[in-house]
Amino acid sequence: QVHLVESGGGLVQAGGSLRLSCAGSGRFFSIGSMGWYRQAPGKQRELVARITSDGSTNYSDSVKGRFTISRDNAKNTIYLQMNSLKPEDTVVYYCYADFFGTWGQGTQVTVSS
């Protein structure tokens, strides 16, 4: 089992940057894909970015070119570098471990216009 804890959210002005981190516990953190998702109130949780165990990535169209996902298996951590933030990026972000089906608790990102 893996326990995930996100951090790095906060308030930023439009055009600014934030870096989210997701730290995992457990011996087998490096197994399987990891993802960042986000969920606005009243809407379904949607995939933002995903990274496989060998480092291949994919992104939603809405963040492609602005966000970058990465992972450091030695530190049991994945990251989401978010640049050129927009007010519509204001939601709660969650990390997810595919192999274990585990979600983190979420971290709020707020982008002011």
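Any value given below was found using the heavy atoms of this structure, including those in side chains, with hydrogens, waters and symmetry copies removed.
- The CD atom of E6 lies 5.0 Å from the SG atom of C22; values are rounded to the nearest 0.5 Å.
- Residues V91 and Q39 form no side-chain contact, since every pair of their non-hydrogen atoms from C-beta on lies 4.5 Å or further apart.
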With side chain to side chain donor-acceptor pair (under 3.5 Å) as the criterion, how do S62 and R38 come out once you've worked through the C-alpha distance, each side chain's angles and the decisive distance to 0.1 Å? CA-CA 12 Å; S62 61; R38 63 187 184 185; 3.3 Å; yes
Checking L4 against M34 for the side-chain contact (heavy atoms from CB on, under 4.5 Å) test, could you report, in this order, the C-alpha distance in whole Å, the side-chain angles of both residues, the deciding distance, and whether it holds? CA-CA 11 Å; L4 304 173; M34 301 283 296; 4.1 Å; yes
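- Using a 4.5 Å heavy-atom threshold, the side chains of R71 and T77 count as separate.
- Residues F99 and W36 share a hydrophobic cluster, clusters being chains of Ile/Leu/Val/Met/Phe/Trp/Tyr side chains in contact below 4.5 Å.
- Applying the under-4.5 Å side-chain rule to Ile, Leu, Val, Met, Phe, Trp and Tyr, the cluster around Y94 extends to Y37, L47, V92, Y96, W103.
- For the atom pair CD1 (I69) and OG1 (T52), the distance works out to 9.5 Å, reported to the nearest 0.5 Å.
- When each of T110, T90, V109 is paired with L11, the side-chain contact (heavy atoms from CB on, under 4.5 Å) condition holds for T110 and for no other.
- Of the inter-residue distances, the one linking S56 atom OG with R50 atom CZ reads 10.0 Å to the nearest 0.5 angstrom.
- With values rounded to the nearest 0.5 angstrom, I78 atom CD1 is found 5.0 Å from C95 atom SG.
- In this structure, the side chain of D72 engages the main chain of K75 through a donor-acceptor pair within 3.5 Å.
- Within the 4.5 Å cutoff, no side-chain heavy atoms of F67 are placed close to those of T57.
- Considering all non-hydrogen atoms of both residues, S113 and A14 come closest at CA-CB, 4.3 Å.
- With hydrogens and angles ignored, the 3.5 Å screen pairs a side-chain donor or acceptor of T107 with a backbone N or O of G9.
- For the pair D89/R66, a side-chain contact is recorded, criterion being any heavy-atom separation below 4.5 Å from C-beta on.
- Under the 4.5 Å side-chain heavy-atom criterion for grouping Ile, Leu, Val, Met, Phe, Trp and Tyr, V2 is not connected to V5 through any hydrophobic cluster.
- L18 and Y79 fall into different hydrophobic clusters, where Ile, Leu, Val, Met, Phe, Trp and Tyr side chains are chained together by heavy-atom contacts under 4.5 Å.
- Contact check for V48 versus L80: side-chain heavy atoms found under the 4.5 Å cut-off.
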Step by step, work out the side chain to side chain donor-acceptor pair (under 3.5 Å) result for S17 and N83. CA-CA 4 Å; S17 298; N83 298 329; 2.9 Å; yes
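- With hydrogens and angles ignored, the 3.5 Å screen pairs no side-chain donor or acceptor of S33 with any backbone N or O of D98.
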side-chain contact (heavy atoms from CB on, under 4.5 Å) between T102 and H3: does it pass, once the steps are laid out? CA-CA 7 Å; T102 302; H3 180 61; 6.0 Å; no
